[in-house]
Colleague: 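Before we start, here is the structure in question, set down as structure tokens.
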Amino acid sequence: MAKIVLLPGDGIGCEILWETIKVLEAVGALEGLDWHWETADIGGIAIDKHGAPLPKATLAACQDADGVLLGAVGGPKWDGLPGEERPEAGLLAIRRGLELFANLRPAKVLGPLENASSLKIEVVRGVDILVVRELTGGLYFGRPRFREQLLDGGQRAVDTLEYSTREVERIAQVAFQAARERRQKVTSVDKANVLESSRLWRETVMDVAKEFPDVELEHMFVDNCAMQLVRNPRQFDVILTTNMFGDILSDEAAMLTGSLGMLPSASLGGKVGLYEPVHGSAPDIAGKGVANPLAAILSGAMLLRYSLGHARAATRVETAVELVLAQGYRTRDLMQPGACLVGTTTMGELVVEAIFGGGEYGQD
Ligand code: NAD
């Protein structure tokens, strides 16, 4: 029995998670997986009901689960609140609370959507990249961090970029493990020609690589990587990088696919993994039944793969999504001439149908 905590959050969160449950129930029925669902509050709804974006009870429920599925948080109703009281503060708090130091973001260009990218089809066709980003260290967390007044009337601002051997080792291990399940190649991205922390990063990654002789390792400077991602993205399998470089490169890689509503993510590291679509709560379309549930459904596939170790079930879900798109069904955000427009619920149902109808899919 897999115990999963659902955190729908705000906006379209509820709509897309509901479709995800239907799909996971379907694949569970085929694969002999039983689910136990528990729902808890995070974000704006948690502020309204409990006075905090991450209530203690929510974190406790997540810590006790086999995996956590999150919709999205935020919306105009809470935009006026100070930073640490906003819905988005709940996201940072849960990542910290669950010790999620590794963020995994796949950027895969699906055949039926290869013309959705702003890049040429010949460049993006077949792209399948996994960005593994360090999530709890580096420039975004380093201390000291301050501003001070200078005698010349201006100010000085300081952020600190630091990494320890242990921090690099553990994220590198996640990347090499993931590469083992894919095409056995890790590109470690740093700025070792300039930064001391990057030199430690590189040395440590090389040490970890010795444990994975079956995985090819290459190093790349971040500026070159940014260029290579749009020049020849097919050269990449797993990109391993720091918090800030990963923040930027994962968005760049995501855009190769051309569609925000399709991008899942996983945050790993602690005992329990957290899975969520990359997009936000889309308040402009909430409640209209038009949201694309596929990023959330694909996040469910990542949960199957990384938290439950069920790669075959994950592949079944991913293949079903691709099949539905190949049949020409699109939610509004992906709509193309000649395609068949469907809403959130129908898209979920089509994926369920494809799972049941696709006996030949998902075989290892
Ligand atoms: P957004 O991702 O919510 O929306 C951007 C655009 O994409 C909108 O036009 C929206 O309608 C569309 N869109 C997003 N997801 C879609 C889907 N599944 N199907 C169809 N269309 C989709 O980003 P935003 O508008 O900048 O932010 C809205 C709120 O979400 C803000 O409060 C922001 O802070 C929050 N946010 C939350 C997360 C998160 O929970 N992880 C991430 C980003 C933004």
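Sequence positions, counted from 1, serve as the residue numbers for this chain. Whatever order the structure lists ligands and atoms in, that order sets their numbers, starting from 1.
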Colleague: Would you say atom 33 (C) of ligand 1 makes contact with the protein, given that contact here means a non-hydrogen protein atom less than 4.0 Å away?
Modeller: yes
Colleague: For ligand 1, which atoms have a heavy atom of G74 less than 4.0 angstrom away?
Modeller: 32 (O)
Colleague: For atom 40 (O) of ligand 1, find the nearest protein heavy atom and state the residue, atom name and distance (0.1 Å precision).
Modeller: V73 N, 2.9 Å
Colleague: Could you pull out the closest heavy-atom pair between D237 and R182, with the gap in Å?
Modeller: OD1-NE, 2.8 Å
Colleague: Just so I know, are the side chains of L298 and V321 near enough to count as touching, which here means a heavy-atom distance under 4.5 Å?
Modeller: yes
Colleague: Which atoms from ligand 1 have a heavy atom of E276 less than 4.0 Å away?
Modeller: 41 (N)
Colleague: Look up atom 27 (O) of ligand 1 and tell me if a protein heavy atom lies less than 4.0 Å from it?
Modeller: no
Colleague: From atom 30 (O) of ligand 1, work out which of A286, A295, S281 has a heavy atom at the shortest distance.
Modeller: S281
Colleague: Sub-3.5 Å donor-acceptor pair from the side chain of D10 to the main-chain atoms of S281, do we have one?
Modeller: no
Colleague: May I ask you to decide if R180's main-chain N or O and Q184's side chain share a donor-acceptor pair within less than 3.5 Å?
Modeller: yes
Colleague: Distance to 0.1 Å, residue and atom name: give those for the protein heavy atom nearest to atom 22 (C) of ligand 1.
Modeller: I285 CD1, 4.0 Å
Colleague: Nearest protein heavy-atom contact for atom 9 (O) of ligand 1: which residue, which atom, what distance?
Modeller: D284 OD2, 3.0 Å
Colleague: Minimum distance, heavy atoms only, to atom 16 (C) of ligand 1: which one of D333, L260, I12 is it?
Modeller: I12
Colleague: In ligand 1, which numbered atoms sit nearer than 4.0 Å to a non-hydrogen atom of G75?
Modeller: 32 (O)
Colleague: Answer whether the closest heavy-atom distance between the side chains of T187 and V189 falls below 4.5 Å.
Modeller: yes
Colleague: Is a side-chain N or O of Q149 found less than 3.5 angstrom from the main chain of G153, in a donor-acceptor match?
Modeller: yes
Colleague: Considering P283, G90, G261, A282, which one's heavy-atom position lies nearest to atom 14 (C) of ligand 1?
Modeller: A282
Colleague: Does the protein put any heavy atom within less than 4.0 Å of atom 19 (N) of ligand 1?
Modeller: yes
Colleague: Establish, from distance only, whether the side-chain atoms of D247 and Y140 form a donor-acceptor pair under 3.5 Å.
Modeller: yes
Colleague: Looking at every heavy atom in both I297 and T20, which two are closest together, and how far apart are they?
Modeller: N-OG1, 3.6 Å
Colleague: Taking only heavy atoms of L91, which atoms of ligand 1 are found under 4.0 Å from at least one of them?
Modeller: 39 (C), 40 (O), 41 (N)
Colleague: Mark up the atoms of ligand 1 that fall under 4.0 Å of a heavy atom belonging to A72, in ascending order.
Modeller: 40 (O)
Colleague: Under a 4.0 Å threshold between the charged nitrogen and the carboxylate oxygen, would K3 count as salt-bridged to D66?
Modeller: no
Colleague: Between R199 and E196, is the closest basic N to carboxylate O distance under 4.0 Å?
Modeller: yes
Colleague: Taking a hydrophobic cluster as the set of Ile, Leu, Val, Met, Phe, Trp and Tyr residues connected by side-chain heavy atoms closer than 4.5 Å, whether directly or through intermediates, do L113 and V290 fall within one such cluster?
Modeller: no
Colleague: Is any heavy atom of the protein nearer than 4.0 Å to atom 3 (O) of ligand 1?
Modeller: yes
Colleague: Below the 3.5 angstrom mark, is there an N/O of N292, backbone or side chain, next to an N/O of ligand 1?
Modeller: yes
Colleague: Heavy atom to atom 1 (P) of ligand 1, shortest distance: which of A291, G44, G280, S265 holds it?
Modeller: G280
Colleague: Can you pull out the closest protein heavy atom to atom 31 (C) of ligand 1? Residue, atom name and distance to 0.1 Å, please.
Modeller: E88 OE2, 4.0 Å
